[in-house]
Amino acid sequence: MPIDALGRPLRNLRISVTDRCNLRCRYCMPEAEYIWLPRESILTFEEIDRLAAIFAGLGVRKLRLTGGEPLLRHDLPALVRLLAGHAGIEDLALTTNGILLGRWAATLRSAGLRRVTVSLDTLRPERMVAFARSARHGEVLEGIAAATAAGFDSVKLNAVVIRDYNDDEILDLLEFARGRGLEIRFIEYMDVGGATQWDLARVVSQHDILETIARRHGTVTPLREGDWAPAERFRLDDGTAFGVIASTTAPFCRTCDRARLTADGTLFLCLYGERGLDLRELLRLGASDAEIASRIGATWTSRTDRGAEARAALAERGVLHQIDSLRADPRREMHTRGG
Ligand code: SAM
């Protein structure tokens, strides 16, 4: 298994299967128009599957399908079926906004998907209209119910907390998850590419999230699992567990074992990374598995990225990319790179 320059193994791969999305969340895709990856550049399922086998051979143990909205990719269960067949892959998960999950949850489960994370930022349909330009809140709730019924190893919820948008729903969201036996993770608003309206004043820190929860529920105990997961987990006295992903105020670059593959086959080693490795070109020019593995291994071995820590160390912190920079290279977008 390749180990990078800071001692971090390559164990985890996030695969974006499309840059398209059926939501327009203000913290991710606030613009009126986007430059999409050309269709012919999008990796086929066979190409993704071949790369997954190469990554598994290098030591990757966890795959997560993301996007864009991964359920917009035609026949995603067919890809899941391919990926679930790889020896070495211990975990196969999906991050989705849930809109199409009601239709697909059971099929994905029987295709071999193990875990699902659904993004749910608000329990108020009118807020979703204002914030994500979608009136499909009811479908998200149906998707969560279908995933819960489908028998996945776990169903989790993700909520990005933004001041004056949904920070008054932290307790309601926690209650919603608790009532359904689901674990929720609160995510700090990140200044990733695509977040062109990012503002530090809108970030609700892990500290503030925990304080809100403790005021209502009493002692919040950190579980201190010390593993490589992005979320730090906590427990309430009644046993309810939840997580906080504090990438903005308390970044965890030192334990980041994740690489990201864009839908067009560019490998990034950091959500904030500027340059990627073009694996599509290698695939389509006829490189052997061994050659591709060696390029990935060499790239990972020289990895020094600490993107979130570097952002946190800035004296003046504003948006990462202005619109022109995103238009010049759509791979800088969160929805292309895969969250
Ligand atoms: N469409 C899928 C979804 O909604 O879960 C998968 C892709 S989405 C880019 C993955 C995750 O990134 C979501 O949970 C989303 O909330 C999160 N995300 C996007 N922009 C973010 C930002 N600026 N700060 C924090 N999280 C963000």
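Predicted model only: the values in this text are computed from it and were never measured. Start at 1 and go down the list; that is how both ligands and their atoms are numbered.
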* May I ask whether Ser16 has any heavy atom positioned less than 4.0 angstrom from an atom of ligand 1? =>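 It does not, in that no heavy atom of Ser16 comes within the 4.0 Å cut-off of ligand 1.
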Main-chain N/O of [Y] paired with [X] side-chain donor or acceptor, under 3.5 Å:
X: Arg24; Y: Cys21; answer: yes
X: Arg115; Y: Lys156; answer: no
X: Arg185; Y: Glu232; answer: no
X: Thr336; Y: Pro330; answer: yes

Below 4.0 angstrom from a heavy atom of [X], which ligand 1 atoms are there? Numbered from 1 as shown, please.
X: Cys28; result: 19 (C), 20 (N)
X: Val192; result: 22 (C), 23 (N)
X: Thr66; result: 6 (C), 7 (C)
X: Asn97; result: 2 (C), 3 (C), 4 (O), 5 (O)
X: Tyr189; result: 23 (N), 24 (N)

Specify the protein heavy atom at minimum distance from [atom]: its residue, its atom name, and the distance to 0.1 Å.
atom: atom 24 (N) of ligand 1; result: Met190 N, 2.9 Å
atom: atom 26 (N) of ligand 1; result: Val160 CG2, 3.5 Å
atom: atom 18 (N) of ligand 1; result: Met334 CE, 3.5 Å
atom: atom 4 (O) of ligand 1; result: Ser119 OG, 3.3 Å
atom: atom 20 (N) of ligand 1; result: Tyr27 CD1, 3.3 Å

* Heavy-atom nearest option to atom 1 (N) of ligand 1, drawn from Cys21, Gly68, Gly67 ->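 Going through Cys21, Gly68, Gly67 one by one, Gly68 has the nearest heavy atom to atom 1 (N) of ligand 1.
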* Sidechain N-carboxylate O distance under 4.0 Å for Lys62, Asp257 ->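 Not counted as a salt bridge, because no side-chain N and carboxylate O are separated by less than 4.0 Å.
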With a 4.0 Å heavy-atom cut-off (strictly under), which part of [X] contacts ligand 1: side chain, backbone, both or neither?
X: Asn158; result: side chain
X: Thr96; result: backbone
X: His335; result: neither
X: Thr95; result: both

* Asked: Under 30°, 30 to 60°, or over 60°: which ring-plane class applies to Tyr27 and Phe131, parallel, tilted or perpendicular?
  ->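 Rings of Tyr27 and Phe131: tilted, 30 to 60°.
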* At their closest point, which heavy atom of Pro222 faces which heavy atom of Val220, and how far apart are they? ->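 Closest approach of Pro222 to Val220: CD-O, 3.6 Å.
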* To do: Could you pull out the closest heavy-atom pair between Arg50 and Ile292, with the gap in Å?
  =>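 Heavy atoms of Arg50 and Ile292 come nearest at NH2-CD1, 3.8 Å.
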* To do: Report yes or no: is the cationic atom of Arg202 (NZ for Lys, CZ for Arg) closer than 6.0 Å to the six-membered ring centre of Tyr189, at no more than 45° off its axis?
  =>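 Arg202 over Tyr189 ring: no.
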* Asked: Can Thr249 and Gln206 be counted as having a side-chain donor-acceptor contact under 3.5 angstrom?
  ->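 Per modelled atom types, Thr249 and Gln206 side chains form no pair under 3.5 Å.
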